[in-house]
2 protein chains.
Amino acid sequence: MVGHNMTIPNSMDAMLFLTDDQLLQGIELMYFAYKGFTSDPDLILQNYTYGRAHHRAVHFINRRKGLKVSDLLDILGITKQSLNRVLRQLINDGLVESRMGRKDKRERNLFLTDDGEKLERQLSDAQRKRMRSAYRAAGPDAVMGFRLVLEKIMDGEILSGSTKIKEKLT
Amino acid sequence: MVGHNMTIPNSMDAMLFLTDDQLLQGIELMYFAYKGFTSDPDLILQNYTYGRAHHRAVHFINRRKGLKVSDLLDILGITKQSLNRVLRQLINDGLVESRMGRKDKRERNLFLTDDGEKLERQLSDAQRKRMRSAYRAAGPDAVMGFRLVLEKIMDGEILSGSTKIKEKLT
DNA sequence: TAAACTATGTCAGCATTATTGACTTTATAA
DNA sequence: TTATAAAGTCAATAATGCTGACATAGTTTA
């Protein structure tokens, strides 16, 4: 008897990595790895009045210096009301600077201040340290596979969401 | 000039996958892939009064049928008060059954009811579908690398947290 | 130029999911 | 029998998301 949600392997050897159990293991791996992935920055953030949402904002402002508010909204995929709360705190606390657009004065370009860069580095150092040791332990070939699978997992998301994200990533 | 947070490659070829930029790309990849990874179940859950926390509970009760409440707490890494709210709803709604332990009557063993299994399958189908197509597109070697890197990312987390999780995973 | 649209910001209210702390009930162990 | 353990509960609080409504300034278009 084959349940309706069971994968039926056509060629056993080639499809073994696609059995339901393999997929469920991958799903749990994603869950636990993501937990580990965020745990170091989360610990650091406890010393501040900031949370994960602040980390994300700071990360992407650092990576795409001078990006517009609307760009950040597209990247994060949240509402402007949600982002605004976070951004307002960061700006009031002097970690982020919001400069009026030069071409279009309605736009605001976002930058990290020196203090903002300090926090970004602190968070990034912790997260990169874990990634580096994982990459090193797994080796270059594994890293290629890791990246490839993650890109494929993203793919559907990007198509169904904002198409601009892919450009922003690279 | 080399900043204090720059990786200094010893042998250029071998270390290229460990540059700060490569690591930051990996970090963003994790972020976006996780978003995609949760997006399908999240959509389904909007038709119910449930959220991601319910999904997790249902997933692990299905995967480790009859597990104790304390096991679930260890796996999820949340407080019993947080879990209790979610579990109470699932039990009241008839998706989860809580049976008194046979050896130790203080313990409660958790099971999905038929309705619980129905929901689990619905959520799991969506998530596995995305994983399957990603795995298929990336190929078996990439999947091996993917799994290896995720395990390494987890490692630190497990050591610093509940050691029992690793047993529970396999 | 006047009207429509765009980018940003803000207020208020609400939902989900997490936290801490205090306490109860029941059952097992010392 | 007293101490410990597993589970459940109440109350208060926090972070982060949402919707809806609205304001202000600047740009486009008719």
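Below, chain A is the first sequence line, B the second, and so on; all start at residue 1.
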Please report, rounded to the nearest Å, how far the P atom of D/dT28 is from the NZ atom of A/K103.
-> 10 Å
More 5' along DNA chain C: A/R85 or A/I91, using each one's nearest nucleotide?
-> A/I91
Give, ordered by number, those residues of residues 48-59 of chain A having at least one heavy-atom distance below 4.0 Å to an atom of DNA chain D; if nothing qualifies, reply none.
-> A/T49, A/G51, A/R52, A/A53, A/H54, A/R56
Between C/dT17 atom C1' and B/D42 atom CG, what is the distance in whole Å?
-> 13 Å
Within the structure, does a side-chain N or O atom of B/S70 lie under 4.0 Å from either OP1 or OP2 of D/dA7?
-> yes
For atom CG of B/L73 and atom C1' of C/dT20, their distance in whole Å | 15 Å
B/M100 CE to D/dG8 C1': how many Å, rounded?
-> 13 Å
Do B/R99 and B/E97 meet the salt-bridge criterion of a basic N to acidic O distance under 4.0 Å?
-> yes
Does a side-chain N-to-carboxylate-O contact under 4.0 Å join B/R52 and B/D42?
-> yes
Report the distance from atom CG of A/L67 to atom C1' of C/dT8, rounded to the nearest whole Å.
-> 14 Å
Whichever of A/V86 and B/Q81 has the more 5' nearest nucleotide on DNA chain D, that residue is B/Q81
Please give, in whole Å, the distance from C/dA12 C1' to A/R88 CZ?
-> 12 Å
Is B/K68 touching bases, backbone alone, or none of the nucleic acid, heavy atoms closer than 4.0 Å?
-> sugar-phosphate
Would you call A/R130 and A/D125 a salt bridge, using N to O less than 4.0 angstrom?
-> no
C/dA7 C1' sits how many Å from A/N84 CG, rounded?
-> 12 Å
Output the single nucleotide from D/dG8, C/dA18, C/dT28 whose closest atom is nearest the side chain of B/R106.
-> C/dT28
Hey, would you say the A/F17 and B/F146 ring centroids sit under 6.0 Å apart?
-> no
Does A/S82 make a side-chain N or O approach to OP1 or OP2 of D/dT16 shorter than 4.0 Å?
-> no
Check the distance between D/dT4's P and B/K105's NZ and give it to me in whole angstrom.
-> 23 Å
N/O donor-acceptor pair under 3.5 Å between B/R128 side chain and B/A126 backbone | no
Side-chain H-bond candidate by donor/acceptor type, B/H54 with B/Q89, under 3.5 Å = yes
A/Y31/B/F60 aromatic ring centres below 6.0 Å | yes
